[in-house]
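I have placed the structure first, in the form of structure tokens, so that the comments after it can refer back to it.
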Amino acid sequence: MTRPSPGGPGGPSYDFDTPVDRHGTWCTQWDYVEDRFGVPGLLPFTISDMDFETAPEILAALRGRLEHGVLGYSRWRQDDFLSAITRWYASRHGTTVDPGQIVYGPSVVYQLSQLLRLWSRPGEGVVAHTPMYDAFPKTVAANGRRLRECPLDDWAGLERLLARTDTAVLLLCSPHNPTGRVWSVDELDRMARLCARHDVAVISDEIHSDLAHAPHVHSPWARHGGTGRWAVLTSASKSFNIPALTGSYGIIGDPASRDAYLGQLKEADGLSSPAVLSLVGHISAYNEGGPWLDALRGYLADNLALVAERLRAAFPRLGWEPPQAGYLAWIDLRPLGVDDDALQRELIQVEKVAIMPGAVYGSPGRVRLNVGCPRAKAAAGVDALIRALRRLTDAERPPDPQGPPTPTPLA
């Protein structure tokens, strides 16, 4: 099935249903699934990249750049890159961004590390919400800072942690990974007031910001940070499925902090010359990729609706609803009383699928199912999960006399 973009008849259409064989491409999700799950050849629903070809407009721009034939040193501080970002924020997020506040980074996690060192001292506290993207605790620990965990809706706990004299940074994930939560304007304003009151810097990872599902609307921290120390860290890599190009960018509000960051990037780390294909990818994505992204979001929403429908039919008491953003189905299985290790054995050894356990994100009793893939694969993943859960629980409905459902075939 092809999904036309919202442009109407005569506009471009994009095929998200046709599988692309990623084996043998050094693909983390497919070729190296054994590294995490101990078994090769599993059908993976794991790391947060998608199985789709990226937008044809981006591929055409990359081919055009390669045809030039010279791949020398490049600059990120140039109008094509900066104006593509500012136009995107104005048109997609209703936010005016000063191009002078934009910085480049080889990755979001690199930028996060640099800002942690800039805005905190070894041993000081970094607050982040749980469940938590698994790179956050690793990065905080590797930089010698102390992670302080706060449940998503514990506002009293959040203020207690921010009020500690040795808390230096709030590390925000917006939209939130792994839950897919989109923070409301009121919630972000409330966090901004708390951080200002306690002189805590804010680092907002917004890499999933372009994948919010209606009626939810992402609000960039650049609209909430005021004159304090804050940074938005992001990339087109998630939205347009180009993480292998590397490259990210940030928006840093405070001029002194921005200068210090850029000094570290250029002088200490020697990383001021960016990956030129990353620049080309970002510029094309933001200037030409809007219709593809809109079609993608519709397709992902349908994938998530399929997961919800099948889970509701099989296990009504889960009450699972699709996330507010992204393509990662965060599923709370605690009402079923299933043992995590037993579930992973069933998934890996019997169903031959790899689905991320919630313990990776500090929340046992849950799984994170990546449905950024053709619908047939998404259906195969949720069906495998349901079969495994049924074997470990009293089924919520009698078995079909004709036997278990046949997995949806993959082309």
Side-chain angles (χ1 to χ4, degrees), residues 19-52 109 130-139 141 177-180 237-238 241 243-244 303-304 306-307 310-311 314-315 318 320 323 326-334 336-393 404-405 407-411:
V20 178
D21 186 1
R22 301 181 68 187
H23 291 103
T25 61
W26 315 308
C27 170
T28 298
Q29 183 165 192
W30 288 81
D31 288 332
Y32 299 101
V33 67
E34 184 178 6
D35 290 354
R36 186 184 292 268
F37 291 86
V39 176
L42 301 177
L43 184 64
F45 300 87
T46 55
I47 192 170
S48 58
D49 70 359
M50 297 181 285
D51 288 329
F52 308 123
V109 174
T130 55
M132 191 180 302
Y133 169 45
D134 55 321
F136 282 2
K138 296 173 186 175
T139 304
N177 177 15
T179 68
S237 62
K238 297 294 183 189
N241 206 35
N303 275 1
L304 291 164
L306 178 148
V307 172
R310 297 198 180 186
L311 283 176
F315 300 101
L318 290 180
W320 189 78
Y327 49 84
L328 304 171
W330 180 250
I331 305 169
D332 187 348
L333 302 173
R334 290 175 299 171
L336 302 181
V338 172
D339 178 77
D340 287 6
D341 291 338
L343 176 60
Q344 285 297 313
R345 284 194 296 271
E346 289 290 325
L347 292 171
I348 295 168
Q349 297 175 11
V350 180
E351 298 296 338
K352 307 299 182 185
V353 298
I355 299 174
M356 298 295 281
V360 169
Y361 314 98
S363 293
R366 302 160 177 86
V367 293
R368 194 189 80 168
L369 176 73
N370 179 348
V371 295
C373 57
R375 187 142 308 131
K377 183 190 172 195
V382 70
D383 287 348
L385 176 63
I386 288 170
R387 288 193 299 271
L389 289 170
R390 281 186 171 149
R391 288 194 295 272
L392 295 173
T393 64
T408 306
L410 287 172

Taking the side chain as everything from C-beta on, heavy atoms only, tell me whether Asp51 gets closer than 4.5 Å to Pro374.
yes
Could you walk me through whether Arg368 and Asp134 pass the salt bridge (charged side-chain N to carboxylate O under 4.0 Å, His left out) check?
CA-CA 12 Å; Arg368 194 189 80 168; Asp134 55 321; 5.6 Å; no
When you look at Arg310 and Ile386, which way does the side-chain contact (heavy atoms from CB on, under 4.5 Å) test go after all the steps?
CA-CA 8 Å; Arg310 297 198 180 186; Ile386 288 170; 3.9 Å; yes
Which heavy atom in Glu346 sits nearest to a heavy atom in Arg391, and how many Å separate them?
OE1-NE, 2.6 Å
Ignoring hydrogens and angles, tell me if any N or O in the side chain of Tyr327 forms a donor-acceptor pair with the backbone of Ser48 under 3.5 Å.
yes
Does any non-hydrogen side-chain atom of Arg36 lie less than 4.5 Å from one of Val360?
yes
Any side-chain to backbone donor/acceptor pair from Gln344 onto Ile355? Under 3.5 Å, distance only.
yes
Could you state the interatomic distance from CG (Asn177) to CZ (Phe136), rounded to the nearest 0.5 Å?
8.0 Å
In Å, rounded to the nearest 0.5 Å, how long is the span from CD1 of Ile47 to SG of Cys27?
8.5 Å
Should Phe37 and Leu347 be marked as a side-chain contact (heavy atoms from CB on, under 4.5 Å) after you check the CA-CA gap, both sets of side-chain angles, and the distance that decides it?
CA-CA 10 Å; Phe37 291 86; Leu347 292 171; over 6 Å; no
Considering all heavy atoms of both residues, which atom of Asn241 and which atom of Pro243 are nearest to each other, and what is their separation?
C-CD, 3.2 Å
Under a 3.5 Å distance rule, please check whether Asp31 uses its side chain to pair with a backbone N or O of Thr25 as donor and acceptor.
yes
Any chance you could lay out the side-chain contact (heavy atoms from CB on, under 4.5 Å) test for Leu343 and Val367, step after step, and finish with the verdict?
CA-CA 10 Å; Leu343 176 60; Val367 293; 4.0 Å; yes
Taking all non-hydrogen atoms of both residues into account, name the closest pair between Glu34 and Pro40 and its distance.
OE1-CB, 3.6 Å
Test item: Val371 and Leu306 side chains (from C-beta on) under 4.5 Å apart, heavy atoms
no
Distance check, rounded to the nearest 0.5 Å: Leu385 atom CG versus Arg390 atom CZ?
11.0 Å
Pairwise side-chain contact, Leu328 with Met356, heavy-atom cut-off 4.5 Å (strictly under)
no
Which pair of heavy atoms, one from Ala354 and one from Val33, lies closest together, and at what distance?
CB-CG2, 3.6 Å
Closer than 3.5 angstrom, by distance alone: can the side chain of Asn370 be matched with the main-chain N or O of Asp49 as a donor-acceptor pair?
yes
Decide yes or no on side-chain contact (heavy atoms from CB on, under 4.5 Å) for Thr393 and Phe315, but give the supporting numbers first.
CA-CA 10 Å; Thr393 64; Phe315 300 101; 3.7 Å; yes
When rounded to the nearest 0.5 angstrom, what is the spacing between CD1 in Ile331 and CG in Leu369?
5.0 Å
Given Trp320, Tyr133, Tyr361, the one that forms ring-ring contact (aromatic ring centres under 6.0 Å, His included) with Trp330:
Tyr361
Counting N and O atoms only, with roles assigned by atom type, does the side chain of Asn303 sit under 3.5 Å from a partner on the main chain of Gly372, one being a donor and the other an acceptor?
no
At their closest point, which heavy atom of Val109 faces which heavy atom of Ala135, and how far apart are they?
CG2-CB, 4.3 Å
For Lys377 and Gln29, the nearest pair of non-hydrogen atoms, with its separation, is NZ-OE1, 4.0 Å
Would you give the length of the straight line joining atom CG of Leu333 to atom CG of Leu392, rounded to the nearest 0.5 angstrom?
10.5 Å
Keeping Asp340 on the side-chain end and Pro364 on the backbone end, is there a donor-acceptor pair under 3.5 Å?
no
Can you find a heavy atom in the side chain of Arg366 that is under 4.5 Å from one in the side chain of Pro131?
no
From Asp21 atom CG to His23 atom NE2, the distance as rounded to the nearest 0.5 Å:
6.0 Å
